[in-house]
Amino acid sequence: MRFVELAATSAAVGATSGRRAKVELLAAALRSLDPDEVPAGAGYLAGELRQRQTGVGWASLRDLPPPAAEPTLTVGGVDAAIEEIAAVGGAGSQARRRELVGQLFAAATADEQRLLVGLFRGELRQGAQAGLLTEAVARAADVPVAAVRRALLLAGDLRAVAVAALSGGAAALAGFGLQVGRPLAPMLAQSAPTVDEALTATGVPAVVDVKLDGIRIQVHRSGQDIAVFTRSLDDITGRLPEVVAAVRALPARELVLDGEAIGLDAEGRPLPFQETSSRAARRTTASTTGGAPVAPAVLAAAERAGETVLTPYFFDLLHLDGVDLIDLPGRERWAALARVVDPTLLVGRVEVDDPEQAGAAFAAAVDAGQEGVVIKDPAAPYDAGRRGAAWVKVKPRHTLDLVVLAVEWGSGRRQGWLSNLHLGARDPRTGEFVMLGKTFKGLTDELLRWQTERFLGLAVEKGDWVVRVRPEQVVEIAFDGVQTSSRYPGGMALRFARVIRYRDDKTAAEADTIDAVRAIHAGRVTG
DNA sequence: GTTACGCCTGCGC
DNA sequence: TTCTGACTGATTCGG
DNA sequence: CCGAATCAGTCAGAAGCGCAGGCGTAAC
């Protein structure tokens, strides 16, 4: 199939607003792909490359050669070119990669370039991603959507599922059961501002799990083979030998576990997320042995040497010794989990019948330095990949009244509006404002309209990207916490900042101070 | 010839 | 990770 | 009774922070 046809489909999808119409367009394109082009082509239609890492990003796509007049590329040819680009490495690779990218884009028409840019950047913005492609695959293969969705969530691989559906139909999809060693999409949680609202969603009785501020892990064990996967199904087995060792010690032959890995201090309190994250991202550590068994003594030595050790805590069990548990109620999965996992490796959990008990559990978790709680309906099955009402997370929320220092012009659907706010806290000693981060969240279209006018009125320097303003407008900002920063002048940055409302009743001189931010950072408690 | 630093990409939240 | 807005299918409301 | 209004579920897209690691290059 010619690549230009996919580019045309993508453009048509982008110009369509209705979801059903998008699905029809995508399905038609899927049907006309050659069988051997389905893995790459189906991915392109969802805005994904078959190659997860290409080494080509935003900056590499800044200046491109002029587009070709005539389309010559094929889907298979593009896939091969990207494969080559992704494979280059070592000294001289940046020049070589730039050369290959230049060749590919020079051979592409304007429409094809637009699609390629979107694919490389991972921001196709055609209004259709894996979710709609799932429906399109079902339509193209004439099988129920539910069958495709289930296969996708259990296989975690859009391309493989598309191939199976289009070539083998419902029968082939039925073959995608849970398979030990192959990661599945983890179940996700909705979010609620309060414990009471979370309980309204889940109903009572409910269970309240401590929410640990670490990284999500899914651990598979088949005999002595153990693999650890992240939330996005990346294999990080080699980075977490301590988790491998812990699971190897469990009395079971086959397991699929869901949990969180986190670093702890000497008192057993959680380390800041930055430290857990740093350790989990490191590919080589003193204690890394490539997934081979690690003796407890080795881990203890690593800990003494100052190396952060991550401890796994589990909250769900999806498979045990040949039996899939995902369709069982959560309560039964937990019972099975508690039989095979040492209690010290279970997340804290209590069963509650009313909001008071749940509130107490939440307070206790926060008191212990944890991120919050996840409230769960104990009757619900494990809904892989879903963000349903069966699991609802609740975290404490901080707020501060900060001052807007500058605003950035928005893009995409925010084109023409001032969008991203630069936020600062008052420094009472100098009278200046110390920038703590940016946010674009929490803004309604009405607020965007209002602030565009407001900040153009306060502007002192109107750049193409950033508009600097007189520091006069106060805004109430919610955030999850304060983290150490090397980028911002105060050495601190807000985590997940979002706008609550503008405070027209406050002047900049009444805004919160950098000292208040420091207090939250130091105490890591509610502010 | 090293070392230090900056830019870029990718991924955790 | 948070949040808003658009679309859809189902359910309820009102003339 | 039937069309209109409302609700809940899903999906897409607006972008944030820090950190690790690969590569290139300037400084020593």
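Side-chain atoms are counted along with the backbone in the values below, which use heavy atoms only and exclude waters and symmetry mates. Letters go in sequence order (proteins before strands), and every chain restarts at 1. Quick caveat: nothing in here was measured; it's all calculated off a predicted structure.
Shown are A:Leu233, A:Leu318, A:Ile217; of these, the side-chain contact (heavy atoms from CB on, under 4.5 Å) with A:Pro186 is made only by A:Leu233.
Within the 4.0 angstrom heavy-atom criterion, no nucleotide atom of any strand lies near A:Ala478. Nucleic acid contact for A:Gly214: sugar-phosphate only, since backbone atoms but no base atoms lie under 4.0 Å from a heavy atom of the residue. Nucleic acid contact for A:Val56: sugar-phosphate only, since backbone atoms but no base atoms lie under 4.0 Å from a heavy atom of the residue. A:Asp445 comes within 4.0 angstrom of the backbone, heavy atoms only, and of no base. Counting non-hydrogen atoms under 4.0 angstrom, A:Ser60 reaches the backbone sugars and phosphates but no base.
Place A:Ser278 and A:Gly410 on DNA chain D by their nearest nucleotides, and A:Gly410 ends up nearer the 5' end. In terms of position along DNA chain D, the nucleotide closest to A:Arg387 lies nearer the 5' end than the nucleotide closest to the other residue of the pair A:Leu494 and A:Arg387.
Residue A:Lys22 places no side-chain N or O under 4.0 Å from the OP1 or OP2 atom of D:dA12. Checking the phosphate oxygens (OP1, OP2) of B:dG12, a side-chain nitrogen or oxygen of A:Ser232 falls inside 4.0 Å. One finds a side-chain N or O of A:Gln53 lying less than 4.0 angstrom from the OP1 or OP2 phosphate oxygen of B:dC11. Residue A:Lys393 places at least one side-chain N or O closer than 4.0 Å to OP1 or OP2 of C:dT2. The phosphate of D:dG18 has OP1 or OP2 within less than 4.0 Å of a side-chain N or O from A:Ser485. Considering only side-chain N and O atoms, A:Asn420 lies nowhere under 4.0 angstrom from the phosphate OP1 or OP2 of D:dA14. Dashed line: the shortest gap from a side-chain N or O of A:Lys441 to OP1 or OP2 of D:dA15 is not under 4.0 Å. A:Arg487 has a side-chain polar atom (N or O) that falls below the 4.0 Å cut-off from OP1 or OP2 of D:dG18. Side-chain N/O atoms of A:Thr54 include one lying less than 4.0 angstrom from OP1 or OP2 on B:dG10. Distances shorter than 4.0 Å separate some side-chain N or O of A:Gln274 from OP1 or OP2 on D:dC19. Taking only side-chain nitrogens and oxygens, A:Ser17 never comes nearer than 4.0 Å to OP1 or OP2 of C:dA6. Distances shown here put a side-chain N or O of A:Arg231 below 4.0 Å from the OP1 or OP2 atom of C:dT1. OP1 or OP2 of B:dG12 has not a single side-chain nitrogen or oxygen of A:Arg216 nearer than 4.0 Å. When the side-chain nitrogen and oxygen atoms of A:Arg498 are compared with OP1 and OP2 of C:dC3, one or more of them lie within a distance under 4.0 Å.
Between A:Tyr502 and A:Trp450, the ring center distance clears the sub-6.0 Å criterion.
Under the 6.0 Å distance and 45° angle rule, A:Arg50 does not count as a cation-pi partner of A:Tyr44.
Between A:Arg498 and A:Asp480, at least one side-chain N (NZ, or NE/NH1/NH2) sits under 4.0 Å from a carboxylate O, which counts as a salt bridge. Taking a cutoff of 4.0 Å between a charged side-chain nitrogen and a carboxylate oxygen, A:Asp213 and A:Arg495 qualify as a salt bridge. Ion pair A:Asp209/A:Lys393 not flagged as a salt bridge, since none of the NZ, NE, NH1 or NH2 atoms sits closer than 4.0 Å to an Asp/Glu carboxylate oxygen.
Of the candidates D:dG21, B:dC11, B:dC13, the closest approach to any side-chain atom of A:Phe496 belongs to B:dC13.
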Note to self: Return a single string for nucleotides 22-28 of chain D, one symbol per nucleotide in 5' to 3' order, where B is base contact, S is sugar-phosphate-only contact and - is none, cutoff 4.0 angstrom on heavy atoms.
What the structure shows: -BS----
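The number of heavy atoms from other shown groups lying within 6.0 Å of CZ (A:Arg503) is above 12.
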Check: Given the rule in the salt bridge (charged side-chain N to carboxylate O under 4.0 Å, His left out) test, do A:Glu84 and A:Arg96 qualify, once you have shown the distances and angles that lead to the verdict?
Finding: CA-CA 10 Å; A:Glu84 191 181 358; A:Arg96 175 68 180 148; 3.2 Å; yes
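In terms of polar N and O atoms assigned as donor or acceptor, the side chain of A:Arg19 comes within less than 3.5 Å of the base of D:dT10 in a complementary pairing.
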